[in-house]
Every structure is written in structure tokens, then in C-alpha cells.
Amino acid sequence: MTGTTVRRTLPAAVPLTVLVMLVVSGIQPRDRVTWLLETVWGLVGLPVAVVVWRRFRFTGLLCVLLALHALLLMTGGHWTYAEVPFGDWLQQVLGLSRNPYDRIGHLAQGFVPAVLVRELLVRTSPLGGSRWLSPLTVCACLAFSAFFELLEWWAALVGGSGADAFLATQGDVWDTQWDMCCALAGAVVALLTLSRVHDRQLAGLAQDADRGALGRARRGSGPPRA
């Protein structure tokens with residue numbers, strides 16, 4: 001399978017995969033309200049992705065990361081973050097004082113958006129190749145994490161003790177600060193480990209776009225005149 005074929009197949013396969021995961025996660029969740037709050041990003045993002053992908057195709061790397069992030073969110077929504085069995089297993093194996101699945105989720109909250117923000121900035125702004133690209137990407141991810149913490153605060157004000165499963169603080173008074181720190185670390189790690197791979201895939205998308213534009217220009221010019 002060629003690189004071009006992979007780039008064309010992934011955007012079509014990812015929404016279907018996410019939709020299946022969403023349906024499965026919604027089967028008898030631990031708490032229906034928590035499931036809705038945790039999966040709302042998928043409920044909103046999936047139709048948006050389907051609408052825009054033909055005009056703005058994401059790289060294969062970003063498509064896979066978005067699907068994995070959706071899986072993390074839906075798993076947390078189904079079980080609630082403090083009660084995900086995988087987190088319980090990690091807690092026992094590593095001797096931790098709490099279920100760490102929430103921390104993993106917030107690492108992903110920085111890791112995946114870092115690639116998303118980087119791709120948007122490279123393709124829609126003059127920041128491609130700029131030394132400001134990485135710092136601004138990290139800042140955007142940290143800002144999103146802080147906004148998410150505000151959403152959790154508002155949920156707590158509205159829902160009271162009913163929002164405990166959504167907050168997943170597990171008694172940690174510094175949970176908000178830890179969440180933002182994890183998102184910050186995730187964004188930095190993503191840029192350090194994936195930037196080169198991401199650049200190659202962005203270059204591949206640009207080549208596909210150039211070939212497509214050339215093909216359309218040739219078809220529009222018609223046969224040469226005698």
C-alpha cells in the first residue's frame with residue numbers, strides 16, 4: 001500500500017472506528033451523565049471531522065492520535081476515570097495511592113492536541129518552520145487544559161456532589177494543578193518525539209495537493225490545438 005493510499009484511507013476509516021467505539025462505550029455506562037460529559041468531544045468532533053475532511057485532510061499521524069484519544073475519553077466515560085479497570089491494575093502494580101487513568105487522560109490532553117495545533121498552524125499560518133511554532137503550540141495546549149479545568153469547575157458548581165465522577169479528583173486538593181502539568185508534559189513530549197514524523201507527513205500531503213492541482217489544471221486545459 002502506497003503512502004498516498006494510506007493518507008486517503010485513514011481519514012475514511014477513522015470516523016467509522018470512532019463511531020463504533022462511541023456506541024460500545026454508551027452501552028450501560030457506570031454513570032450516564034458522566035459518560036455524556038466525557039464523550040461530548042467525540043459527539044461534536046466526529047460530525048465536524050466528516051464534514052471538513054475532504055477539504056482539509058489531516059495527516060495519518062493526527063488521524064490515528066485523534067482516534068486513540070477518543071478511545072481514552074470513551075473508556076473514561078464508560079467506567080468513570082477513577083474506576084477504569086486498567087487504572088486499578090496500574091495502581092496495584094506500581095503501588096500508587098490512586099487510580100492513574102485520569103493522569104493518563106490529561107497527558108493525552110496535551111499530547112494529541114499538540115499535533116493538532118501544530119498541523120493547523122503549519123498549514124494555515126506563516127509559522128511553518130518558525131522557531132515560534134513549538135512554543136506557541138505548547139501555549140495553546142496549556143490554554144486548552146486550563147479551559148477544561150474551568151469547565152470542570154463549572155460542572156462542580158452546577159452538579160454539586162453529582163459531578164464527583166466527572167471531576168475524578170479522588171481526594172487530591174492539587175488535582176487541577178496536576179492535570180494542567182500533565183497536559184503541559186504531554187504537549188512537550190509530543191513535539192520532541194513526533195515533530196520529524198509529522199513534518200514528513202505534512203510534506204506528503206503538500207505533494208498530494210500539488211499533484212491534484214496539476215491534474216485539475218491539465219484536465220481543464222483540454223486537448224492541444226492543432
Side-chain angles (χ1 to χ4, degrees), residues 37-42 45 58-77 79-122 125 127-156 165-202:
L37 291 173
E38 297 293 357
T39 60
V40 66
W41 304 104
F58 291 142
T59 58
L61 173 65
L62 181 56
C63 288
V64 171
L65 288 176
L66 288 173
L68 291 175
H69 196 194
L71 177 60
L72 277 171
L73 293 174
M74 293 168 191
T75 301
W79 296 99
T80 77
Y81 275 79
E83 300 179 47
V84 173
F86 174 69
D88 288 337
W89 176 79
L90 277 181
Q91 181 180 1
Q92 294 178 2
V93 170
L94 300 177
L96 303 175
S97 60
R98 57 173 280 162
N99 185 314
Y101 192 83
D102 183 58
R103 301 282 190 249
I104 296 172
H106 283 279
L107 280 168
Q109 190 186 68
F111 192 94
V112 177
V115 179
L116 172 61
V117 171
R118 188 177 191 272
E119 184 153 323
L120 292 175
L121 290 178
V122 168
S125 79
L127 287 172
S130 169
R131 62 182 180 180
W132 287 103
L133 177 62
S134 292
L136 289 177
T137 297
V138 171
C139 287
C141 293
L142 189 55
F144 174 75
S145 177
F147 176 69
F148 190 83
E149 295 304 318
L150 290 176
L151 291 179
E152 289 189 343
W153 171 46
W154 296 332
F166 175 58
L167 297 177
T169 60
Q170 301 181 65
D172 186 356
V173 296
W174 301 108
D175 186 71
T176 296
Q177 288 76 17
W178 270 112
D179 289 349
M180 290 188 290
C181 182
C182 286
L184 174 62
V188 172
V189 171
L191 294 178
L192 290 176
T193 58
L194 297 180
S195 289
R196 291 186 178 180
V197 175
H198 195 208
D199 285 339
R200 288 196 293 269
Q201 295 200 6
L202 287 169

Task: Min side-chain heavy-atom separation Asp179-Asp102 under 4.5 Å - done: yes
- [ ] Applying side chain to side chain donor-acceptor pair (under 3.5 Å), run through Gln109 and His106 and close with a yes or a no.
- [x] CA-CA 5 Å; Gln109 190 186 68; His106 283 279; 3.3 Å; yes
TODO: Please tell me if the side chains of Thr137 and Leu121 come closer than 4.5 Å, counting only heavy atoms from C-beta onward.
DONE: yes
Task: Any donor-acceptor N/O pair, Thr39 side chain to Gly42 backbone, under 3.5 Å - done: no
Task: Least distance between heavy atoms, Tyr81 atom then Leu72 atom - done: OH-O, 3.9 Å
TODO: Could you check if a side-chain atom of Phe111 sits within less than 4.5 angstrom of a side-chain atom of Leu194, using non-hydrogen atoms only?
DONE: yes
Task: Gln201 side chain vs Leu61 backbone, donor-acceptor pair below 3.5 Å - done: yes
Task: CD1 on Ile104 to CZ on Phe86, rounded to 0.5 Å - done: 5.0 Å
Open item on the list: Working to the nearest 0.5 angstrom, can you tell me the gap between Arg103 CZ and Asp175 CG?
Closed with: 5.0 Å
Task: side-chain contact (heavy atoms from CB on, under 4.5 Å) between Leu68 and Val112, worked out - done: CA-CA 9 Å; Leu68 291 175; Val112 177; over 6 Å; no
- [ ] Measure the shortest side-chain to side-chain distance between Arg200 and Val197 over non-hydrogen atoms and say whether it is less than 4.5 angstrom.
- [x] yes
Open item on the list: Would you compute the distance between atom OG1 of Thr75 and atom CD of Glu38 and round it to the nearest 0.5 angstrom?
Closed with: 11.0 Å
TODO: Supply the atom-to-atom distance Leu66 CG to Leu116 CG, rounded to the nearest 0.5 angstrom.
DONE: 6.0 Å
Open item on the list: Looking at Pro85, is its backbone amide N or carbonyl O close enough to the side chain of Tyr101 to form a donor-acceptor pair, meaning the two atoms are under 3.5 Å apart?
Closed with: no
Task: Side-chain donor/acceptor of Glu149 to backbone N/O of Met180, under 3.5 Å - done: no
Open item on the list: For a 4.5 angstrom cut-off between non-hydrogen side-chain atoms, does Leu65 reach His69?
Closed with: no
Open item on the list: Quick check: do Arg118 and Leu127 have side-chain heavy atoms less than 4.5 Å from each other?
Closed with: no
- [ ] Return the minimal non-hydrogen interatomic distance between Pro113 and Cys141, and the atom names on each side.
- [x] C-SG, 3.7 Å
Task: Which atom of Val117 lies closest to which atom of Ala140, heavy atoms considered - done: CG1-CB, 3.9 Å
- [ ] Calculate, to the nearest 0.5 Å, the distance between atoms NE2 and CG belonging to His198 and Leu191 respectively.
- [x] 10.0 Å
Task: Beyond-backbone contact of Val189 with Leu107, side-chain heavy atoms, under 4.5 angstrom - done: no
Open item on the list: Would you call the rings of Trp154 and Phe147 parallel, tilted or perpendicular, taking 30° and 60° as the class edges?
Closed with: perpendicular
Open item on the list: What's the separation between atom CG in Asn99 and atom OG1 in Thr80, rounded to the nearest 0.5 Å?
Closed with: 8.5 Å
